[in-house]
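Because the structure is predicted, anything quoted here is derived from the model rather than measured. Proteins get letters first, then strands, A, B, ... in listed order; numbering begins at 1 in each.
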Amino acid sequence: MIIVRIIFQTVFLAISQIWANKVRAMLTTLGIIIGVAAVISVVAATDGLQKFVLKEFASVGASKVWIFPRMPEGQRDRFSWRQLRIQLKEVNGMLERCPSIERLTPILEMATSVQFGDVSKPTVSVQAVRPAWHQIEDRAIVQGRPLSTIDEDQRLQVCIINDKAIGEFQLPSECVGTRISVGGRLFTIVGVVETKTVSPMFGGDEARTEVYIPFQTGLMLRPEPRMYIVAQTKSPELYEDAKAEITFFMRRMRNLKPDDPNTFGVEAIEQIIAQFKKLAAGLSVFLAGIVAISLLVGGIGIMNIMLVSVSERTREIGLRKAVGAKPAVVLLQFLVEAITLCLIGGAVGLVIGFGIVAALKLIPKSPLEEAGVPIWAIALSVGFSAATGLIFGMFPAIKAARLDPIVALRHE
Amino acid sequence: MTIRIRQLQKVYRVGTERVHALRGIDLDIAKNEFVAIMGASGSGKSTLMNILGCLDRPTAGVYELAGKPTHRMNATQLAQVRNQEIGFVFQSFELLNRQTALDNVTLPLIYSSKRWWGVRKRAKEALDRVGLGDRVHHRPMQLSGGQRQRVAIARALVNSPSILLADEPTGNLDSKTSEEIIALFKQLHAEGQTIVIVTHEEDIAGHAKRIVRLRDGRILSDSPTHEDVMHQDYLRRAAVTAVSVAKRELGDADVMASVSASVSASVAEVKP
Ligand SMILES: Nc1ncnc2c1ncn2[C@@H]1O[C@H](COP(=O)(O)OP(=O)(O)OP(=O)(O)O)[C@@H](O)[C@H]1O
Ligand SMILES: [Mg+2]
């Protein structure tokens with residue numbers, strides 16, 4: 001009980017002491033204030049950036065796995081790019097052999113000329129895809145219908161365009177049924193999909209004009225196609241399984257020996273997210289280092305001011321001892337005072353940090369709009385502030401506790 | 001016996017020099033005594049008081065307070081004794097200037113391990129006892145010297161100590177205020193408090209029931225005294241001085257005779 005009362009009284013005393021010397025307290029706790037404010041604002045900024053990046057990833061689509069040709073390191077003389085190309089039999093066998101995959105589509109990408117009336121563009125992105133593309137990409141159909149298996153099987157010369165293309169080629173606003181020339185052949189527009197802008201992080205830029213044609217039709221245009229595969233896993237967390245299955249399947253298809261390197265690449269968006277999260281965690285550790293250093297600097301200030309406080313108040317300590325304050329109680333009293341000082345510094349730092357975060361959020365179009373201060377950062381700041389008070393207050397407190405009452409009372 | 005002291009010695013080391021402040025003191029003080037310690041400056045009064053108050057430790061010898069051997073105690077135990085058994089009043093008051101009178105008086109109760117409830121009420125009662133019930137929320141700077149010393153006395157009394165020690169409590173006060181403070185000590189003594197004070201002034205010491213005189217770290221004399229006897233003694237010596245002054249200055253037998261007559265009359269007046 002006595003301890004509780006003394007802590008209570010000491011906290012009150014410490015606060016009034018600090019209030020009486022506002023400027024001095026402010027200056028001594030500057031290290032802690034800056035440290036905490038820096039941590040809070042940088043952690044919040046990282047948090048905002050992370051949310052932003054994860055949202056960007058989501059825009060590309062979760063549960064996606066890409067399979068594409070890849071030259072193994074330092075094996076350029078052994079393989080030609082031609083050999084590495086994704087084969088049709090690989091595309092066709094994959095779904096059956098990889099149980100984690102829900103659906104997939106090969107994508108045959110070509111840049112070719114597209115023309116309607118007077119408007120002609122030499123290099124428009126034309127992609128030949130299977131109907132599964134619609135489910136994988138999940139784009140809304142604004143007009144007409146999606147590509148169908150009939151289009152595919154019949155190798156029809158039909159296409160889907162994105163809504164950006166309507167303006168680009170000055171098509172009639174109800175453009176379904178209109179014919180456009182793709183690579184010199186006439187294609188009938190059967191549907192229009194919404195335009196989805198991909199973040200610049202993933203090579204996207206301004207919304208482009210896009211034309212999609214059935215995969216089989218595409219094969220007619222490009223007899224030796226360069227393509228890649230986009231697959232969708234049955235659930236987002238299956239990406240590791242899917243990667244393993246695909247790798248096993250592809251290596252068998254390509255007759256690779258156990259010590260041969262992969263001649264293809266398999267990447268999952270979740271994997272990139274996991275890597276990014278790891279990076280963010282690394283950043284946090286780095287931040288913790290900065291906090292530790294600034295709090296160390298702050299702690300030296302605290303120790304200094306506590307030593308000054310002990311010598312300024314030697315008579316007071318003597319008097320407190322004379323009326324019965326035990327050494328342990330005096331020790332506690334000065335420790336509590338140092339900790340209170342640090343916590344007040346930490347609180348001021350928190351307020352400033354939150355102010356900086358609020359200011360960052362106000363910057364228009366910044367990627368930090370969703371920046372928030374995680375609870376752990378607050379706990380870390382408060383905890384480290386208190387620890388600083390405890391560690392750096394210890395020496396002055398011991399000094400005060402060891403004072404001889406009569407010597408202290410004679411002190412001038 | 002409240003205080004029992006045997007062969008108490010205190011040696012200060014100043015550089016290589018050794019200062020013998022106390023050279024073997026034997027002293028017993030019983031419950032409800034009112035003792036004055038006197039002696040020339042440097043005779044060891046404060047040294048003795050600080051040891052009595054457990055603020056300092058003797059170099060050698062025995063000091064038992066209320067039966068407890070304090071010379072064998074560690075710092076924590078001594079703090080406990082100071083808190084529970086001793087009320088110390090300093091010449092320079094030693095109040096905490098930022099705190100109110102009430103907070104100052106509450107201080108020993110805060111460091112006390114027993115009875116933590118009703119602390120403010122007890123502090124208020126102690127202030128009432130010294131006649132400062134109406135200055136509870138004043139800070140030391142807003143009080144006169146006498147009032148400050150009263151606050152200090154209230155602080156010394158608040159834990160009901162076995163012994164009240166005061167080292168020149170009136171040293172910083174004018175004579176009228178000193179009289180008031182000494183009257184307060186008398187009142188406390190009448191209420192049963194054991195009191196030891198150090199003073200330079202004979203008339204202050206005269207209010208005590210016993211005077212211990214120190215010289216050079218030893219007890220010179222230790223005699224019970226009666227206030228009124230003391231008073232007579234003082235007057236007699238005053239009369240003798242007055243007569244000798246008159247003799248030297250005036251040489252007039254008539255004046256001398258009338259002075260001695262009036263002195264005898266006033267001595268007769270104060271006699272009970
Ligand atoms: N801390 C100290 N260090 C060294 N010597 C000391 C110390 N305190 C007291 N002394 C010496 O001890 C002796 C007794 O001092 P003390 O203070 O007890 O005298 P006192 O009777 O209280 O005198 P005063 O009437 O002037 O207060 C003196 O010779 C003094 O110089
Ligand atoms: Mg003295």
Side-chain angles (χ1 to χ4, degrees), chain A residues 1-22 24-25 309-337 340 397-412, chain B residues 10 12 21 46-47 49-57 73-100 103-117 119-120 140 152 154-159 161 165 167:
Chain A
M1 256 6 260
I2 180 174
I3 297 292
V4 172
R5 224 163 73 229
I6 283 173
I7 289 179
F8 184 77
Q9 202 229 7
T10 308
V11 168
F12 182 77
L13 214 82
I15 290 173
S16 64
Q17 195 107 29
I18 291 162
W19 188 247
N21 297 303
K22 285 183 282 288
R24 189 170 91 175
S309 179
V310 169
S311 81
E312 265 180 4
R313 287 155 65 198
T314 301
R315 264 180 99 98
E316 178 188 324
I317 296 165
L319 185 271
R320 286 177 186 274
K321 291 194 156 199
V323 299
K326 292 173 185 163
V329 169
V330 174
L331 181 94
L332 185 78
Q333 194 152 356
F334 276 85
L335 272 187
V336 168
E337 193 167 320
T340 306
I398 288 174
K399 217 179 145 186
R402 286 217 183 129
L403 276 176
D404 192 50
I406 198 69
V407 172
L409 275 170
R410 279 202 205 104
H411 186 90
E412 247 336 300
Chain B
K10 179 73 188 180
Y12 289 111
S46 293
T47 305
M49 281 301 265
N50 291 339
I51 292 171
L52 287 180
C54 292
L55 294 169
D56 209 350
R57 297 155 181 273
M73 291 182 175
N74 64 24
T76 301
Q77 291 168 318
L78 286 175
Q80 173 91 11
V81 169
R82 288 196 293 271
N83 186 250
Q84 296 299 315
E85 308 288 349
I86 295 163
F88 208 106
V89 177
F90 301 89
Q91 179 175 349
S92 47
F93 323 137
E94 302 294 348
L95 298 175
L96 299 182
N97 287 329
R98 275 192 308 266
Q99 301 197 7
T100 63
D103 289 334
N104 268 287
V105 176
T106 312
L107 209 56
L109 296 174
I110 283 170
Y111 294 119
S112 163
S113 47
K114 60 180 187 191
R115 289 250 327 249
W116 57 275
W117 61 91
V119 155
R120 302 232 129 206
R155 181 180 64 194
L157 290 173
V158 74
N159 246 343
L165 303 171
D167 191 354

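Pairs passing the salt bridge (charged side-chain N to carboxylate O under 4.0 Å, His left out) check and including a residue from residues 12-21 of chain A, sequence neighbours excluded, do not occur.
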- Step by step, work out the side chain to side chain contact (heavy atoms under 4.5 Å, CB included) result for L107(B) and L319(A). CA-CA 10 Å; L107(B) 209 56; L319(A) 185 271; 3.5 Å; yes

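The two atoms that bring N83(B) and G324(A) nearest to each other are CB-CA, 3.6 Å, heavy atoms only. Summarising the geometry of R82(B) relative to A325(A), their closest heavy-atom pair is NH2-O, 4.5 Å, with the distance given to 0.1 Å.
Open room surrounds CZ on F12(A); 12 or fewer heavy atoms of other groups in view lie less than 6.0 Å from it.
Rounded to the nearest 0.5 Å, atoms CZ (R410(A)) and CG (L55(B)) are 9.5 Å apart. Put simply, CD1 on I406(A) and CG on D56(B) are 6.0 Å apart, with the number rounded to the nearest 0.5 Å.
With a threshold of 4.5 angstrom between heavy atoms, R57(B) does not approach chain A through any atom at all. For Q99(B), the part lying near chain A is the side chain, with the backbone staying farther off; criterion is any non-hydrogen pair under 4.5 Å.
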Side-chain polar contacts of residues 85-97 of chain B - donor-acceptor pairs under 3.5 angstrom, sequence neighbours left out - could you list them?
from	atom 1	to	atom 2	distance (Å)
E85(B)	OE1	S162(B)	OG	2.3
E85(B)	OE2	K68(B)	NZ	2.6
Q91(B)	NE2	N172(B)	OD1	3.2
S92(B)	OG	E94(B)	OE2	3.2
E94(B)	OE1	R315(A)	NE	3.4
E94(B)	OE1	R315(A)	NH2	3.3
E94(B)	OE2	R315(A)	NH2	2.4

